[in-house]
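Working notes for the structure below.
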Amino acid sequence: MRSEKISAIADYAATTAAGWQQIAAETVEMVPAPVEMQPNGFIQANWRDRPYGQLASLEAQSVHDGTTLAVRLRWASEKPETGGREGFPDGAAIAFPIKGEPVLWTMGTEDEPVQFIQWQAMKNKIRSVVAWGIGSSVPGSPVSESVTAGWSQGYWTIVMLRTLAGGPEAATLEPGTDTRIGFAVWNGSNEERAGIKAVSVDWSPLTIEA
Amino acid sequence: MSNRQVAMVIDLNKCIGCQTCTVACKTSWTSGEGQEGMWWNQVNTAPGHGTPKDWEKMGGGFKGGEPQKGVRPAQGDFGEGFELNYKEALFEGAGNEALKPIGDEPQWGTNWDEDVGAGDYPNSYFFYIPRICNHCTKPACMEACPRGAISKREEDGIVVIDEDHCRGLRFCQSACPYKEIYYNHVTGHAQKCVFCLPRIEQGVATACSRQCPGRVRFLGFLEDEDGPIHKLVNVHKVALGLHPEYETEPNVFYIPPLSPEKFDDEGNPTGEDRIPLEYLESLFGPEVGPALERIKQGRADKQAGKGSDLMDTLISKNFLDLFGPFTNHPREIERIATELEREPVIVPPSIEIAYRGPGGSSQ
């Protein structure tokens, strides 16, 4: 997918901003994160015979204004789930390799970490985390981030904003270069959390227009 | 692996179900926000549904070394916290107001089925069974946490949850076969019994043990050959873990209850045990029968004037002999201010999100 260069990111911050209609949307195939890759036998035992990560695909778009990158995601969700007091919220994340060529599904390695920007439906903010492998995620370098989200007629739409500038624990995105982006979605009403999720089959190439 | 293991033995023959331990624990550890329905120590009536309700049917633990599927108990299974109308009933009701819960009618709680038990009159039976986290040698919760937030301390084997790493994912709740882990919805963390580790570190017995009027609880290190735990578990072999078939190797052990005799139709004792051995075996495994025989033998030896180290240990005439190395007085504890006491309580941001209704456009 391409992140088109636009003049003002503020015009794209809202999920319903008119500008998004002019931006090409890429359909990303999603699959359940394999049960064999769950980090321990208890999670595997509980989820081996239980469907999860059933989202087949999501639509992704991206723009940037030379300073800030926006990613808009839209996916089917029967009802919005905030988790309430005891449940789990709907959620989504985008991932970027911080360096090297880490495997998306294993969430990076010690030498090749991955940055995730994660949104959860009960929060009106997103957080950047860095991971050096499954279960290792911790809050990453501060990167200015914000999000808008809305659910309507069976679909979540969210727009996540982050600065192009990165750091040791956040991917640096440079106009005129190619990088990669990964996706994950959690269905809260199915108690999906952590590795129990739908993930993109692999990284998608992401071209950041000059 | 831990270098040594702190452990507890609970004598079910002495527990009177007074819940003093429960309250000692509650006031020590779970009086905070989000902990209203949290009882790290419970005393339930057996046979009974327990806390959380029907926890023995909720799975988890291991079988043949393999992790088992488990249910994550909801707060309603433990029972919600509730307040009683003390003010109206005791001070303002002029005797006309009954003591009752404020708000929604509670549906379950710790020891909800108190004294129900089993069997038919005059051969009905029950006993009390206090429970805490078992600080297992092979903790299922620790293995289940994808965050590595649960650890077993090397110095004493106490199993602790690191709230800096816990994300409230609650896989631990499904994996723990004893269902001794709660979820604090205010802080977003899993929480459980910490074996009063700040007391243990200062040589002071756990609050539940020290406060017990029945002198039910023994403490010590499992490896300490002079301590009561080693004697009762390894030498006399009368203290057994609950549900050994869960394969987590619990470090809370129980002296199984001796049974009163059955009565026949004319009210004469029959010599038969009223508590079915099969029921006790379902709780403590096949060793419970021989353990009960050893207790009976110890009692007989004592009655015959032969002396019994087992009975002397169980009776423990000296209160402090119950506690192994943890005999310091609680008033000697050096109090260390917790972060919560030093800093204002951090409350998560209010839960806000705007939804667009069908056809709407607001964010």
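Letters go in sequence order (proteins before strands), and every chain restarts at 1.
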Report, by ascending residue number, the residues of residues 59-71 of chain A in heavy-atom contact with chain B at a distance under 4.5 Å; give 'none' if the set is empty. none
Under 3.5 Å, which donor-acceptor pairs link side chains of residues 73-83 of chain B to any protein atom two or more places apart or in another chain?
| residue | atom | partner | partner atom | Å |
| --- | --- | --- | --- | --- |
| Gln75(B) | NE2 | Gly37(B) | O | 3.0 |
| Gln75(B) | NE2 | Gly79(B) | O | 2.9 |
| Asp77(B) | OD2 | Ala74(B) | N | 2.9 |
| Glu80(B) | OE1 | Arg85(A) | NH1 | 3.2 |
| Glu80(B) | OE1 | Arg85(A) | NH2 | 3.1 |
| Glu80(B) | OE2 | Arg85(A) | NH2 | 2.8 |

Can you confirm whether His243(B) is buried at NE2, in the sense that more than 12 heavy atoms of other residues, nucleotides or ligands lie under 6.0 Å from that atom? yes
Residue among Ala140(B), Cys145(B), Gly168(B) with most heavy-atom pairs under 4.5 Å to chain A: Ala140(B)
For Asp49(A) and Lys69(B) the tightest heavy-atom approach is OD2-NZ, 4.2 Å
Could you pull out the closest heavy-atom pair between Ala45(A) and Gln68(B), with the gap in Å? CB-C, 4.2 Å
Examine distances only and state if a side-chain atom of Asn46(A) and a backbone atom of Gly70(B) form a donor-acceptor pair shorter than 3.5 Å. yes
Provide the full list of salt bridge (charged side-chain N to carboxylate O under 4.0 Å, His left out) pairs with a residue in residues 1-24 of chain A, sequence neighbours left out, each pair given once. Arg2(A)-Glu209(A)
Are there residues of residues 34-43 of chain A that reach to under 4.5 Å of chain B by heavy atoms, and which ones? Pro39(A), Asn40(A), Gly41(A), Phe42(A), Ile43(A)
Please look at Tyr183(B) and chain A and tell me whether the side chain, the backbone, both or neither of the residue comes under 4.5 angstrom of a heavy atom of that chain. side chain
Run the salt-bridge test on Arg170(B) and Glu191(A) with the 4.0 Å N-O cut-off and return the result as yes or no. no
Report which part of Ala149(B) has an atom under 4.5 Å of a heavy atom belonging to chain A: side chain, backbone, both, or neither. neither
